[in-house]
Amino acid sequence: MLTEHPADPTKRGTMSTTTNSADDVARSAAADAHTHDVPEPRSVVLRRRFGPWGVPVIMLLMVAVFQSQNSTFLTVDNVWTILESAALPAMVACALTVVLVMGEFDLSVQAVAGFATTTFAALMANWNYTTITAVVIMLAVGLAIGALTGWLVAYQGLNALVVTIGSASLLNGGEFLVSDSKSISTGIDPAFVDFVRSDLVGVPVLVLIAPLVAAVLWAVLDRTALGRELRAIGANREAALFAGVNVRRTILIGFVITAFVCTMAGMFYTGRAGQAYPMTGLQVLLPSFSACFIGAAMFRVGEFNIPGTVVGAVLASMVPNGLLLADVSGYSTYFFQGGILILAVGFARIVAGGRRSR
Amino acid sequence: MTREASSAVGSGGPAVLDAAPARLSVDGATKTYGGAVALDDATLRVGAGEIVALVGHNGAGKSTLSKIISGYERPDTGVISIDGDVVHLRSPKQALGEGIALVPQQLAVIGSMTVQQNLRLGLGAAPHDLEAVAERVGLRSALHTRLDRLGPAAQRLVMIGRSLLRRPKLLILDEPTAAFSVAETERLFAIIRDLTAEQISIIYISHRLEEIIAIADRVVGMSQGRIITQLSTTDLTTDQLADIIAGGADAHAPEAQGEVTFVPADATPVSDRKVLEVTGLRTAAKAGAATFTIRSGEVVGLTGLVGAGRSTLLNALWGAGAPVLEGSVAVEETPFTPSSPRRAMARGLVLIPEGRQRTSLIPGMTVRENAALPTSRRRRLGPTPFLDRRRERQEVASLLADLDTKPDRAVDMPIHALSGGNAQKVVLARWLMMPSDVVLLDEPCEGVDVRARNEIHAVLRRLADQGKGVLVSSSDVEELVEATDRILVMRDGEIVAELAGPSMTVERVNRACL
């Protein structure tokens, strides 16, 4: 009954350089076939076809507006500035995507990163560990934090929202504890600071590292059995269980990955800032959630996905930069970030609304 | 007798019981669900204060009829009148307003609330007759007790009490005694008789023959969506009643429904090797314990009425359901303790669970990803963690082609683009890729068309020929009689009968279910 249909010219995924094109062709061909099979109202077809373009169009509009307000917005230097400031939030947002994919929440991402920032500095400055030892200790601590959160959520059945709000508060307290409530500015390995702030062939190092981390996480989610199981748990936990997925262990692993990557981002922040002070780490809670939800309105619409999150993170860091250049008062960033988040969720809902049912 | 009864009430005039019009009359009600006739031209009268029992096997149309009477479904055609006035029931709420209340089979109570709070759920002010109703259902002294401290019988009585507070003229009780002891059943019967003394009519749906004889004035037998008999219970014996229900099943054999050709259950060589042996297995969910054996090379059917515990048993073996309290399991003649689906898989057991949308399909994933999910780790690129997607695509595509899945290029389509029968084939393909000795299937042909059903049974026969043991659970007795070697009948968690060879007829199996 369904045989051949010409490929949809407006198919999703053309924007993407990272999603697999064969998959996308099949998806859009199937969606097309489906549309022919059961006649749908015109409005449904329209929004399915144009909905995925909502966020990219908004983004282009914003670029145009920012550029019209200040012509330095689209200079090479400023683009690198935007990408450099997007790098660490993007890492945290990608980490958060892993937890969101499996249908859980993690409100402690910012606290984990902040704790890593301060503790990493304290290990080097106050306890005189070498940089390498401090990195190893911090990565182990990151794994332990993730394992504890994951164990409480997966094996003890506690609500992830509540557990991570609680652990975020504990970690914030921990920042004051390890730093003795003092700013740490001396004793941080200058070689590490220089490395994080350096350029490699004209590109800031962080702008190279963040996509690398994103690529690894994308490969895990999209190309490994573990990633498939994480997605299955998020989409239908009962079916995942009946299909033999070790649901609890997989959820624990998901939280471990998230905490591990957030710890890495936190340590890079120590190097980027060159100092650490309790509660002044990466301010990324809202931007990283924004990035994930904006990402869910792109590429694989209705599902959290790493390429979308990366674009979302760039968008989230472009807004404050553009507003600053346009000489708009600083607090308007809050309006923009909140507004874009809700708009993005709205788009994802509109586009995916009909598709995800049943 | 049948003819007499139906013609007497059929005229609708001033006849049998009273000169007054019947409390409820349903005339020519028909309901179809997308081509399948669930209720076919049903005509029914219930007099004031009369107790009418509705009987028939699974899918006979009892629940469709009761849903239409209570406003949960609207009939395609047909007229319902109450006390002689035609009513158009658009919702359960409206039906309640007309005096018709349904007490459904599923318990709908809130355990953390008291009896009193549960009784007045959905009612604005506390009704002044609340205490009287509580007295009537025997819960006066327990009004302030948390409901979860009381047993399932009390919870059922609370639901009945909640309906009584709406002052119904007609009360429909669907399997009210499912979790009742003999004493509790007696108490319920006393309550029912008390209600009929006030001219409240009762429609009583049950599979328990003794109860029907004891409480009902009249029995209405249904089969294949049609009302086939109406009898007074005065001289009726349980055997006669069983005949009515079982006979109704045979009268509409599948051959009459079009060309249904099942795979013949011919004499495939069944070895003596026991691939699955279950001894006295009792779960937390059902009272009875199950004992049975599946041998290599045979396809065994498992049937029973809804709620007999078939899914409970299969899920317990799979390690994904109610915990096992006692009993032992042996797979390939070595002991096996069910604990998780992964362990069961590792021991050569696979389960295709009931309800594929809920328990099998992953929305948002492609057909390939869905089919490959449990076996993903077996198809990796060498020592890397990455999936060999080319091999995966080939394997899934060739299996789907074997199963004749439509459309042909389904392998990379989103799973939601496939029809029910084809989605079921994807689930089947998922578990065919897993090496196994025992294949358990729970209602594999649910919502699947006749053609796909035959294909599924052909696959099961092929699996048995490969030396596996196959156990298919189904409420469709005809299907099992045609396609399996042996049928196990389950009741309340226990295997109560085993039929094979010439004794394996639809009628006998149906009778064994009761």
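These numbers were taken from a predicted model, which means no experiment stands behind them. In what follows, chains are A, B, ... by sequence order, proteins preceding strands, each numbered from 1.
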Notebook entry, point to check: Is any side-chain heavy atom of A/N246 less than 4.5 Å from a side-chain heavy atom of B/R342?
Noted result: yes

Item checked: Atom group of B/I352 that falls short of 4.5 Å from chain A, counting heavy atoms -> neither

Next item on the list: Under 4.5 Å heavy-atom distance to chain A, tell me which part of B/R356 shows up: side chain, backbone, both or neither.
Entry: neither

Item checked: Portion of B/A410 that has a non-hydrogen atom of chain A nearer than 4.5 angstrom -> neither

Check: Shortest non-hydrogen contact from A/L241 to B/A320?
Finding: CD2-CB, 4.4 Å

Margin query: Measuring only between side-chain heavy atoms, which start at C-beta, is B/M365 closer than 4.5 Å to A/E303?
Written below: no

Check: Within a radius of less than 6.0 Å around CZ of A/R249, do more than 12 heavy atoms belonging to other residues, nucleotides or ligands occur?
Finding: no

Item checked: Residue among B/L381, B/T375, B/L361 with most heavy-atom pairs under 4.5 Å to chain A -> B/L361

Next item on the list: Grab the two heavy atoms, one from A/A243 and one from B/P374, that are nearest each other, plus how far apart they are.
Entry: O-CB, 3.3 Å

Checklist line | Closest contact, heavy atoms only, A/F242 versus B/W318 | finding: O-NE1, 3.0 Å

Checklist line | Approximate separation, where rounding is to 0.5 Å, of A/R223 CZ and B/D388 CG | finding: 12.0 Å

Margin query: At a heavy-atom distance under 4.5 Å, which candidate from B/A346, B/G355, B/A344, B/P353 has the highest pair count against chain A?
Written below: B/P353

Margin query: Quick check on the interface: out of B/V427, B/N315, B/L351, who has the most heavy-atom pairs with chain A under 4.5 Å?
Written below: B/N315

Note to self: Once rounded to the nearest 0.5 Å, what's the spacing between atom CD1 of B/I362 and atom CZ of A/R237?
What the structure shows: 11.5 Å

Margin query: Take a 6.0 Å sphere around CZ of B/R343 and say whether it holds more than 12 heavy atoms from other residues, nucleotides or ligands.
Written below: no

Item checked: Closest contact, heavy atoms only, A/G244 versus B/M345 -> CA-SD, 3.9 Å

Checklist line | Test item: A/N236 side-chain N/O and B/R358 main-chain N/O as donor-acceptor pair under 3.5 Å | finding: yes

Item checked: chain A contact via B/T359 - side chain, backbone, both or neither, heavy atoms under 4.5 Å -> both

Item checked: Note, A/R228 side chain near B/L373 side chain (heavy atom, < 4.5 Å) -> yes

